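Counting starts at 1 for both ligands and their atoms, following the listed order. Both backbone and side-chain heavy atoms feed into the values below; hydrogens, waters and symmetry mates do not. Owing to the predicted nature of the structure, the values given are computational and were not obtained by experimental measurement.
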Amino acid sequence: MFKFIDAKYRDILDIPELSIESGKITTLIGESGSGKSTALKMLNKMISPTQGKILYHGTNLNNINSVSHRRNVIMLSQKPVIFDGNVRDNLSMGFKFQGLELPTDDNCYKILEQVKLSKDLDSPANVLSGGEKQRLAIGRVLLLNPEVYLLDEPSSALDDATEEAIIQLVVQNAASQNKTIIMVTHSKIIAEKYSHVIIEISKGRVKRRFDNGRNN
Ligand SMILES: Nc1ncnc2c1ncn2[C@@H]1O[C@H](COP(=O)(O)OP(=O)(O)OP(=O)(O)O)[C@@H](O)[C@H]1O
């Protein structure tokens with residue numbers, strides 16, 4: 001699905017060859033500052049390689065329109081982004097950005113059920129609790145139904161239980177549809193529990209890439 005070929009980003013990342021397969025959960029691990037977030041940002045074109053290239057389904061990402069790419073490859077920040085307005089507005093926001101037909105109330109309620117948020121679509125979003133905001137942000141991404149979910153762990157530590165709850169929700173909903181999940185975590189426990197493939201990054205280079213032995 002993704003293939004790095006002699007891809008460099010400044011002096012931060014240097015990846016001569018790396019493939020990320022579709023339909024799998026791939027996790028990037030490695031010490032702080034090793035380049036994990038930078039690698040993830042390259043996958044949805046937030047940044048582009050300064051040398052070399054990254055292919056997506058065989059096409060150089062440089063030749064793919066950024067807006068349409070981000071329809072297929074969505075970054076879910078673990079710090080929830082909540083917009084002014086009600087729950088419905090927040091669920092529809094991605095569709096508005098992308099110029100797509102807005103989701104029906106029925107579909108919105110189905111997603112709220114999946115993320116276990118029992119709120120009315122008309123209720124204001126800014127009064128939700130932190131955990132509820134997180135579930136609403138996840139619902140927004142699940143509703144967009146992308147091909148690839150990028151989950152970036154904030155370096156400012158969320159507690160592991162919250163991080164795992166987010167991952168669990170996405171894995172349950174996305175992996176059951178054979179979607180691709182690529183995530184960054186500092187937690188070896190989380191990496192080993194959920195990943196098919198683990199990639200260890202050290203000083204901007206791939207140190208190890210191994211099959212985690214998960215086959216479902
Ligand atoms: N736009 C940028 N300009 C200059 N340096 C940058 C830029 N983005 C990241 N860096 C540096 O590149 C290195 C890798 O950063 P990155 O955020 O990818 O690391 P990380 O492995 O995700 O770290 P953490 O686990 O702490 O989040 C760091 O030293 C960071 O300071």
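In this structure, Gly30 falls outside the shell of residues with a heavy atom less than 4.0 angstrom from ligand 1.
Remark: ligand 1 atoms within the under-4.0 Å shell around heavy atoms of Arg10 are 2 (C), 3 (N), 4 (C). Counting atoms of ligand 1 from 1 in the listed order, those under 4.0 Å from a heavy atom of Ser32 are 23 (O), 24 (P), 25 (O), 26 (O). Which parts of ligand 1 touch Glu31 is read off a 4.0 Å heavy-atom cut-off, strictly below it: atoms 21 (O).
Residue contacts with ligand 1, taken as heavy atom pairs separated by less than 4.0 Å, involve Ile12 solely via side-chain atoms from C-beta onward.
For the residues Thr38, Ile47, Leu28, Asp152, the heavy atom positioned nearest atom 18 (O) of ligand 1 is part of Thr38. Considering Ser202, Gly33, Gly204 only, the shortest heavy-atom separation from atom 20 (P) of ligand 1 involves Gly33.
Formation of a donor-acceptor pair under 3.5 Å by the Thr27 side chain with backbone atoms of Val184 is not found in this model. Of the possible polar contacts, none joining the Ser92 side chain to the Phe95 backbone as a donor-acceptor pair under 3.5 Å is found. Using modelled atom types, no side-chain atom of Lys119 and backbone atom of Leu136 make a donor-acceptor pair closer than 3.5 Å.
Here the options are Val170, Ile181, Leu150, Val81, the test is side chain to side chain contact (heavy atoms under 4.5 Å, CB included), and the partner is Leu76; only Val170 passes.
Looking only at atom types and distance, the side chain of Lys179 has no donor-acceptor partner in the side chain of Asn173 under 3.5 Å away.
A salt bridge does not link Asp6 to Lys53: none of the charged nitrogens lies less than 4.0 Å from a carboxylate oxygen.
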